[in-house]
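So the structure is just underneath, and the comments pick up after that.
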Amino acid sequence: MLRRPKPTDSEADLLREQQELLAAGGRSTVAVVKRPDKRRGDAAAAEAHEQGNQRDVVTIEDLPDELPTLTPAPPKKSRFKQERVHFEDEDPEERLDRHDTHISAVLSRIIERDTSAVPVSLPCITGTAFPKVLHRSGIESEVQERAIRGRKSIFARQIAAQRAKKEDVQSLNGSESRDQSSASRHVGFLPLENMETEQPESDVMDRVGGPVLLTGQGLGIANSAMETMKIHEENQSKLQVMSQSEILQEQRKLLAQLDPRLVEFVRSRKAQRTPGSESASGPVTSPELDHSIKAQESQRDTMEDDEEDENQLVVQLPIKPQKEWLHMDKVEPEKLEWTRDLPAPRKQGTKKAMQARFDFAGTLIPPTKDLPTHLGLHHHGEEPELAGYSLQELFLLSRSQLNQQRNLAVSTLANVLAKAHAGEYISSLKGSVLSSLLDAGLLFLLRFSLDDSVEGVMSAAVHALRALLVSSYDEECLDNAFPWLLGMATFPLLPTAQEDEDDEGLDETMKETAKEKEEKKTDHDVARQDVVKGFLKMQGLSRLRYILEVVRPSPRVVLDILEVLIRMARHSTAAATEILACPRLMTTVISEFLPCSWAPATSQALSSLYGLPVALAMKLLRVLASAGRHACARILNSLGGKELLSRFVVVEPSEMLLEAGEALRCSTEALRLFAVAASYGQACNLYTDLYPVLVKRLQAGNRLCASSEAVLFLELDRIKALLVLLTRVTQTAGCHEELQRDLVSAQGTECPPPPPVVWSHVMGLQPTVISSLKGCVRAVDGPAQMSSARILLPSYLLYIEAYYSQLCVQVGIYKKEISLKASVTPSLLKQLEHNSDYVLFCCRSSSMICNPGLSAAGGEVVPSLPSLGCSRLKTSSTMAGPNSPLSLPTALLYLLNTITSIHKGLIKKFSHLILSDSVLSYLRSCIGAMPSVSQMSAWILHHEHHLLYLLLRLAHKLVTATSVPVDPEVAKHAALFHQVSLALVSWLLPGSEYLAHELMSVMTFSHSLLPEGVHGETEVAALAELQLKDRTSPAVGALLRDALHHLPSIRGCYLTHLAHLESSVLSSRDRYLGRTPFVSSHLLPELTGPSLPSDWPFLPLISLYERMGAGGEQQVESLPEGSVQSVTHCLQWLLVLESWREQALTAVPPVAKLARLACVFLCSSDLFLERPVQELTWALFRRLTRPAQLEALDLGSPPPGLASFHDLYSALLAQYEAVSFGDPLFGCFMLLPLQRRYSVTMRLAVFGEHVGMLRSLGVSLQQLPIPLEKFTCPMEDSLPLLRLYFRALVTGALKRNWCPVLYVVTVAHLNAFFFSQDEVAEVNYLCNKTSVILVLKNHLLLFRLPQQNSELGFSTYEQLPPIRARRLESIVGTEVKGGER
């Protein structure tokens, strides 16, 4: 056994032991296992192991079908690595092993590529027959231009120099070998004859080493060079024997025969020979060597030019680089161009759209404006010559790693947002900046920036969020409207709801709820539809709470956060509830910014607001309380709101140790919060505790009105807030007895508890308020006190109204206490007579109803972020200001309506107010108005509707006064009052359902406001319809008289069909009448449009159609009880409106009227056969087919609520075939859409799918209220319809005694088609068929003109005119000649 090697063994010992092992044939104790190469595959590795080290044997029998995966991938080769030094002792076999790969990585089966999916592109069509030839001169010039234009980097220059070096070595080696072989074969040759005629003979006869042009490559023999030399010597010998004249003559012949371009080529090759090379002693230069030398020279020239350009650029740089500087040994000037001066901006007058750029203040910078660079607006972007930052660049900078850049970008975006809200970019930029920013993800950017750890960036993000969400003008206008009538009520700032199409067609049980849909939406989807909801979904409230609680930022950031929270609270009740539910948010706000004790500020400029009262914090509580009575109760009880009210209401502003303006604002907001709480009947026990303080403040307001000094608006706001508080407390006290009675009679049912304040608690306020009111009325005449008096007067009037309206319902006090004649009425009326020009009213010029343009957006409008758009109202109208013309007239009319309800005899004293020219002009302007409803107009329209309603109620009292004779002037304008009331019913917005109910109960169906029925206009209407009268339709006058007689029943019918609005009516009534314990919220319902649809007069008819399903399937016995009477009342009211109040239905297009009226036939199988229904429908149909109405009837546009009119007409066709019984009224409805100007599809449906109805469509020509020319002119041009016309005549489906109207129409169109001058194959076909039908010849061929009053319905020729006879002969002549005649 062999021993193991020891460490002490020498190399000779190891070699000896190895030889012994090999000689003994023993096995090694170590097995060498070679791992298979992944690049070669396992099979290849096994094969290689079997073959051993026989590397020279290559077999490709088992070549795999697919290439093996080369993992790891072969390393990339470096061009510079090849130049590295290789050692001599390096084993070449070892290097081969390292780079050896399997043969399958190189060779594989050849498989044709699949080109079935490769697109085939056709060649471009050009004007030339062949493609353009590329000339070497053009290519070289192009390469030179590219070399000049593009500068190469240091790395590219190294590559080019290395490549040029290799080409130089190869070209030199090749040229040397060629020169040696050429020199061994040739000695000298004669020169080629020069083709220039101006050269002397001596030059022509000079000799050179060989031919210049001939190379012998095209001969195809082995010794082409020798053959070329023979040809050359033969040419030279011929030239030597010729004279110069003969040479010139042959030269001219040759030039005349050759192509000029070839001649030019020969001359250029001759010119390339330099004088040095032509000498006998000089070396011979071959074309290949000459080309390589020129290439080297051009490359050297290019590199030299690049170096010269670089030197020039370096010289032009403002700072000359030094080689001693780091990495400046090789200068790349193009990377230093940013240090040069900027190029000039674009010239004026360019039409190319450019990217908007803004400065740091958000101002748009014109692209032609040249600003200095020290402003910091230039940067190294795509357009360095332009100053400012684009929105894309600001977004990029906002995610920078540098704090300063993030802060700068977000601050600039905030300024851009503020200016975009103000509308400063509308006239300068295309599109909306706000929409572009939101679509780009601005909300997410701001949310990320709020999470920034740098306070500066965080503060900038808060400021930008405030600029995005908050409008200072909107908040100011809402604060001004707070003391108006129902000024607390506001619409939620919700975007317009978008209907989801995914649930259409699904069963109710399969549809997802709104909450489930909301949970499935991503943050992006929610933010795209609603910005505020998207921010709440991103946990934005928690971050704002963290900033307030932990970061404790600067005063500006605190105020911005409070304004953002106020805007979110105005979004909806759900948003307000979420703000209250956010952990520690409201606790932080109240504890830090509404403390009950604080130290006075030490300096004018506050460095922190923490520990000091902030008016915006109190306003936030007030807005949250307005969202609902439960939110208000939570603020008062859980968050310590009552203690806050006691603290800030008791203390005088001058004693608050705050800045004067901030102290007044804090006191005002505390009173407003108190008023909101009192409007729910809450916190009234504080009123009894603070009664002395409140009375003292009220008396101070009286002295303020009498003062001649200039009064701050903040003081006036505080007094108005106090009066609103007292008004709400008075209304709450007036409900005490009612609630007490309800509580006694409730017997276990739910009933609100009586409030702690009773009527005796508020009786003492009335004398003080009356005294202040009189002082304000007197101060209106004084120039010094006029402004403040007019501002305070509406609040005093609203309190007086609330006091007297509640006084009327108090038991035992009514007769004893109400003495209006001796108190406010005489003095008030006397002063109003002198100020009627101001009070009554500058409403027309500032009216949102009469001037829809005022509701246009002043800034940019984003659907996902609605606003009130008060920036435009602030500049273009005084409607939303403190001196608004709405507040005083509304308050005055509100009081007058209450007074005249108590003392009806006083109504006559106010007739001059209603009959004034300004009021009548305002009412006339309202009749034809079409106000648009949006978030920007709804809030002001809501108040103007109150004004208009009160004005109409007072006018109605004047018209219907029974205690005194009606003034003829008042009665003359009764129709005007009625028209405005009808218009107002369709305008009223959500939250005003009570006003709509009152209008419909009192004014809409009032006999007194329809003087036409009394003055004999029913007979006039009957005379106007006399020519249309027949046995099927009585006189319209009788129908109108019957409708006037049933007006109370008609009113009951409509009120019954509006019963589904009962809950909305009750909620609106509680808010309007001041029933404070029953008010649930001061946020109005979501704004989706007017409360009633514009086609509400058709409501009973539409309701019955929806209840009966598709119509016509149920029998008349299954109709709901009273349906015939309900439809009759609906048709009666429609007839009254169409006859005397046509403008009330202008908002309903004629096609919608026709579609609604068609429900009469679809509701039941025989409802339209009822006599009253048919008579009224006939009258309405004739109204609808008057010339003016008929021209306005557009059946191409889909009626509201329907996909298309064709769908409705298809249902009518099926119903007519089933149940019409040939009724002429139903037939007229079927004929109306068949007029020539309407779509041919409806005529094709009648003559194609429903041709059987022609047998029963027996409407006579006299019964048809539509002119026959509407059906026959112009000529029909639809060949399929003409073919159907002809088939109906030939088959007998259409006969004159069955369907007179369509028979005339068919004959007229076929006759016009037969004798038309157009050569159409269809004419020959139809005319040949007509020759077979003898019965139709007289009508089809002799038809002349339609005549609706004639027996046939058309006039005929006695005989065929010659031109028509020739035309007929030309068409049927072939058949006549060839067959029987």
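When reading the values below, keep in mind they use all heavy atoms of this one structure, side chains included, and skip hydrogens, waters and symmetry mates. The structure displayed is predicted, hence computed values, not measured ones. Sequential numbering from 1 along the given sequence is applied to the chain's residues.
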ask   = Is it true that a side-chain atom of Asp474 and a backbone atom of Cys870 form a donor plus acceptor pair closer than 3.5 Å?
value = yes
inquiry  = Whether the Glu1142 and Gln1189 side chains hold a donor-acceptor pair (N or O, under 3.5 Å, no angle test) is what I'd like checked.
reply    = yes
message = With a 3.5 Å distance limit and no angle check, can you tell me whether Ser981 reaches the backbone of His978 through a side-chain donor-acceptor pair?
response = yes
key: Any Leu478 side-chain heavy atom under 4.5 Å of Arg570 side chain   = yes
ask   = When rounded to the nearest 0.5 angstrom, what distance separates CZ in Phe713 from CD1 in Ile791?
value = 4.5 Å
query = Would a 4.5 Å heavy-atom cut-off, applied to side chains only, mark Ser864 and Lys533 as touching?
reply = no
query = Rounded to the nearest 0.5 Å, what separation is found between the CG atom of Leu920 and the CD1 atom of Ile914?
reply = 8.5 Å
request  = For residues Thr577 and Leu624, determine if any side-chain heavy atom of one lies less than 4.5 Å from a side-chain heavy atom of the other.
outcome  = no
request  = Measure across Ala929 and Trp987 and return the closest heavy-atom pair with its distance rounded to 0.1 Å.
outcome  = O-CZ2, 3.4 Å
message = Check this for me: does any side-chain nitrogen of one of Arg622 and Asp479 sit under 4.0 Å from a carboxylate oxygen of the other?
response = yes
message = For the backbone of Gly991 and the side chain of Glu993, can you confirm whether one donor and one acceptor N or O come within less than 3.5 Å of each other?
response = yes
query = Is the backbone of Leu999 close enough, under 3.5 Å, to the side chain of Thr1004 for a donor and an acceptor to pair up by distance?
reply = yes
request  = Could you tell me how the ring of His1082 sits relative to the ring of Tyr680: parallel (under 30°), tilted (30 to 60°) or perpendicular (over 60°)?
outcome  = tilted
message = Could you go through Phe358 and Tyr425, starting from their C-alpha distance and side-chain angles, then the distance that decides it, and tell me whether this counts as ring-ring contact (aromatic ring centres under 6.0 Å, His included)?
response = CA-CA 11 Å; Phe358 308 89; Tyr425 305 136; 5.3 Å; yes
task = Verify, without hydrogens or angle tests, whether Tyr1054 (side chain) and Pro1097 (backbone) share a donor-acceptor contact under 3.5 angstrom.
result = yes
message = Can you see whether Asp525 engages Thr522 through a side-chain donor-acceptor pair at a distance of less than 3.5 angstrom?
response = yes
ask   = Which atom names give the shortest non-hydrogen contact between Leu954 and Asn897, and what distance separates them?
value = N-OD1, 3.6 Å
message = My understanding is that only one of Glu669, Glu475, Glu476 makes a salt bridge (Lys or Arg N to Asp or Glu O under 4.0 Å) with Lys619; could you say which?
response = Glu475
task = Start with the C-alpha distance between Thr1146 and Gln1143, add both sets of side-chain angles, then the distance that settles side chain to side chain contact (heavy atoms under 4.5 Å, CB included), and finish with yes or no.
result = CA-CA 5 Å; Thr1146 52; Gln1143 286 185 331; 4.2 Å; yes
message = Just verifying a value: how many Å separate Phe535 CZ and Leu469 CG, rounded to the nearest 0.5 Å?
response = 7.5 Å
Donor-acceptor pair, side chain of Arg466 and main chain of Glu563, under 3.5 angstrom = no
message = Quick check against the 3.5 Å criterion: does Ser435 have a side-chain atom that pairs as donor or acceptor with the backbone of Gly431?
response = no
message = Distance to the ring centre below 6.0 angstrom and angle to the axis at most 45 degrees; does that hold for Arg1071 and Tyr994?
response = no
query = Backbone N or O of Val1065 within a donor-acceptor pair of the Ser1068 side chain at under 3.5 Å?
reply = no
message = Hydrogens and angles aside, do Ser1204 and Asp1207 bring a side-chain donor and acceptor to less than 3.5 Å of each other?
response = yes
remark   = Note: Glu578 and Leu541 closest approach over all heavy atoms is O-CD1, 3.8 Å
key: Side-chain (Ser1103) to main-chain (Pro1100) donor-acceptor, under 3.5 angstrom   = no
task = Give the C-alpha distance, both sets of side-chain angles, the deciding distance and a yes or no for side chain to side chain contact (heavy atoms under 4.5 Å, CB included) between Ile561 and Leu465.
result = CA-CA 9 Å; Ile561 291 177; Leu465 186 64; over 6 Å; no
task = For the residue pair Val1151 and Leu1154, establish whether any side-chain heavy-atom pair is separated by less than 4.5 Å.
result = no
key: Any Leu413 side-chain heavy atom under 4.5 Å of Leu445 side chain   = yes
request  = With rounding to the nearest 0.5 Å, note down the distance linking CG in Leu1193 to NZ in Lys1153.
outcome  = 10.5 Å
message = Quick check: do His571 and Leu494 have side-chain heavy atoms less than 4.5 Å from each other?
response = yes
Gap between atom OG1 of Thr1076 and atom CG of Asp1070 - 0.5 Å precision = 9.5 Å
task = Would you check, one step at a time, whether the test side chain to side chain donor-acceptor pair (under 3.5 Å) holds for Trp484 with Thr890?
result = CA-CA 8 Å; Trp484 296 1; Thr890 305; over 6 Å; no
task = Could you pull out the closest heavy-atom pair between Ala418 and Ala467, with the gap in Å?
result = N-CB, 4.0 Å
query = Which heavy atom of Glu1086 sits nearest a heavy atom of Pro990, and at what distance?
reply = O-CG, 3.9 Å
query = Run the side chain to side chain contact (heavy atoms under 4.5 Å, CB included) check on Val433 and Leu437 step by step: do they pass?
reply = CA-CA 6 Å; Val433 175; Leu437 289 172; 3.9 Å; yes
message = Between Ser432 and Glu860, do the side chains contain a donor N or O and an acceptor N or O under 3.5 Å apart?
response = yes
query = Do you know the tightest heavy-atom contact between Pro794 and Ala891?
reply = O-CB, 3.6 Å
request  = Could you tell me whether Arg1069 sits above the aromatic face of Phe1078, with NZ or CZ closer than 6.0 angstrom to the six-membered ring centre and within 45 degrees of the axis?
outcome  = no
ask   = Do any N or O atoms from the side chain of Ser992 and from the backbone of Leu988 form a donor-acceptor pair under 3.5 angstrom?
value = no
query = Are Val416 and Leu364 close enough, and set up right, to give a side chain to side chain contact (heavy atoms under 4.5 Å, CB included), and what steps lead you there?
reply = CA-CA 9 Å; Val416 171; Leu364 185 66; over 6 Å; no
inquiry  = Less than 3.5 Å apart, any donor N or O on the side chain of Ser847 or Glu944 sitting next to an acceptor on the other?
reply    = yes
ask   = Looking at side-chain heavy atoms only, is the closest gap between Leu1092 and Leu1061 below 4.5 Å?
value = yes
key: 4.5 Å side-chain heavy-atom contact, Met488 and Arg728   = yes
task = Apply ring-ring contact (aromatic ring centres under 6.0 Å, His included) to His956 and Phe977, showing your working.
result = CA-CA 8 Å; His956 180 255; Phe977 302 148; 9.5 Å; no
task = Drop me the distance from Cys632's SG to Leu673's CG, to the nearest 0.5 angstrom.
result = 6.5 Å
